[in-house]
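Just so it is clear, the structure is predicted and the values come from calculations on it, not from any experiment. Proteins get letters first, then strands, A, B, ... in listed order; numbering begins at 1 in each.
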There are 2 protein chains.
Amino acid sequence: MGNSAINEGGLRERKRAATRAAITAVARSLTAERGLNGYTVEEVCEQAGISRRTFFNYFPAKEDAILGHVDDDFPEEVVERFMAGGAGSPAGEISDSLLADLVRLSLDLAERMSGSEEETRQLIGVIKKEPQLMLRIIGASEEREAEFARLLAAREGVPTDHPVVRMAVVLLGNIARKTSAGYFSEGNTRTYEDMLLENIAAARTLFALPFDPSRAGPTPLNMSRPDIQQSSTSQSSSSLPSSSQTNSSQSTPSEGAQ
Amino acid sequence: MGNSAINEGGLRERKRAATRAAITAVARSLTAERGLNGYTVEEVCEQAGISRRTFFNYFPAKEDAILGHVDDDFPEEVVERFMAGGAGSPAGEISDSLLADLVRLSLDLAERMSGSEEETRQLIGVIKKEPQLMLRIIGASEEREAEFARLLAAREGVPTDHPVVRMAVVLLGNIARKTSAGYFSEGNTRTYEDMLLENIAAARTLFALPFDPSRAGPTPLNMSRPDIQQSSTSQSSSSLPSSSQTNSSQSTPSEGAQ
DNA sequence: CCCATAGAGTGTATTTTTGCACTTAATTAC
DNA sequence: GTAATTAAGTGCAAAAATACACTCTATGGG
């Protein structure tokens, strides 16, 4: 997590962030329109208003511009709002508002996606046909998850390997990904928010189902170790309304919680 | 006349011109809104997106930002269009299209005035209350005329002291100034184009009046002319000419000049 | 009166951007 | 096949922008 994600920075910092985001926006737009090899770096620079030399000061290669920079995935204002949500709870404890704020974060990020809906559909279509780009994206996803974990841990004042942080990153990340896939699929007419809330509700239903660790069996015995750890976590957050329900489902039997 | 008025220039040149114009636009806007001393250089820089040090790299003092730079008074695209109009005639001769193109230039420049109409009215009001600014403006006007003369001479391929160039600069400049004064006066409801064309027609009527050089005589005879001017102005309002008529009137005086 | 502050303006060092020449690899033309 | 061209990418120097500390002047408060 760089300073730019939290600190306002000076004029230099701000201009640099704006330039970087502009390059990425143009690169993605042209990729959606013409494919990865249908435009030159020169054209990106023209539209972004920079020199080619500057382009390579920002990104090591053409493809990296499309991937963008991890800081651009978490715009400052959105991050600030998310971080502010954890201010009311003591450090070291998972805040009551975490799940609600994660959902809002997901919605905010979706709103701020550069490019129109149609453009994003086309960009996704193009990317699926470029294997080197797919590999790069998979690599970049891990970096984004790490950044997200750092952000989340900082908000809650817990280590980045805290079970709730780990689960939140993986599960909310996958829910967002699945929601996007459905939203951008052919023929979709529903709003992203609609679909996201449906998926969140489904996840909450899933993790509220009855679950007895003792019935997990031999192989599941290994799985009982995580359950024990998660059990202690759920106790610490058992006073939380909506968040506690999710957490207890992960860690302990819902019967016990009930 | 700098290169930037004609040549496209590189990215540096283009960005510099844009920055300079942005500074002037912001300074004028804030002056209109709050008066000359109602805002700081810091505020201009914030809105223009530059550092204060850069502001003083561009303008020697706060007031100079309001006056702007002479190149900004003749935007590149407008100048290019004006210059292209002289391409069809042999160098050294005054082109048929000169008067029409000068009128269009005036209209183009009026269109490109930064700030809204109301803002410009307020800016003019503020400037009238600042004597040092008025003095500066008078000085800057001479520089603009010189620039205009260079532009015009270059277009026609004649020296800057050519009689038609000299007269065009002074007369068209004053017509534009007078038109602006009327346009920005209290209670005006007419368009700038309307008023400008009226004044041009009046000037054409004036210079189409019978004139016998041998009767030019001493100074007293010249003083009787102003009365004749006003009566011919009211006649010309009712008969705005077409473009071809405009051109034919222009070629006659230029032959007389030769 | 003196002192503090705000704002305009200056000097200098550092950072960033641009321009330009070059290299490399791929593609196109003959 | 060879040669030319195009596009991605690199190194280096100059230009431009920023950051920061400073000066000077005007203004307001005690």
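Here C:dT18 presents its C1' atom at 11 Å from CZ of B:R16, a figure rounded to the nearest Å. Protein atom CZ of A:F56 is 13 Å distant from nucleotide atom C1' of C:dT24, rounded to whole Å. In this structure, CG of B:N57 is placed 17 Å from P of C:dT17, rounded to the nearest angstrom. Atoms CZ (B:F59) and P (C:dT10) sit 14 Å apart, rounded to a whole Å. Rounded to whole Å, atom P of D:dA16 lies 14 Å from atom CZ of B:R14. Rounded to an integer number of Å, the gap from A:E43 CD to D:dA7 P is 8 Å. Atoms NZ (B:K15) and C1' (C:dT18) sit 9 Å apart, rounded to a whole Å. Rounding to whole angstrom units, CZ of residue B:F55 and P of D:dC20 are separated by 21 Å.
Using a 4.0 Å heavy-atom cutoff across all strands shown, A:Y39 reaches sugar-phosphate atoms only and no base atom. Counting any heavy atom pair closer than 4.0 Å across all strands shown, A:T54 reaches a base atom.
An OP1 or OP2 oxygen of C:dT17 is reached within less than 4.0 angstrom by a side-chain nitrogen or oxygen of A:Y58. For D:dA7, neither phosphate oxygen OP1 nor OP2 lies less than 4.0 angstrom from any side-chain nitrogen or oxygen of A:K62.
Nearest heavy atoms, B:T24 versus B:F59: OG1-CZ, 3.4 Å. Nearest heavy-atom pair, A:Q122 versus A:A32, reported as atom, atom and distance to 0.1 Å: OE1-O, 3.3 Å. Closest non-hydrogen pair, B:L30 versus B:Q47, comes out as CD2-NE2, 3.8 Å. Residue A:R52 comes nearest to A:C45 through the heavy atom pair CA-SG, 3.6 Å, listed as atom of the first residue, atom of the second, then distance.
In this model, no side-chain donor or acceptor of A:R52 finds a partner on the base of C:dG19 within 3.5 Å. Between the side chain of B:R53 and the base of C:dG11 there is at least one donor-acceptor pair of N/O atoms closer than 3.5 Å. The base of C:dT15 is paired with the side chain of A:R12 by a donor and an acceptor separated by under 3.5 Å.
Side-chain atoms of B:T191 and B:Y183 include no donor-acceptor pair closer than 3.5 Å.
Of the residues near DNA chain D, A:L11 and A:P60, the one whose nearest nucleotide (by heavy atom distance) lies more toward the 5' end is A:P60.
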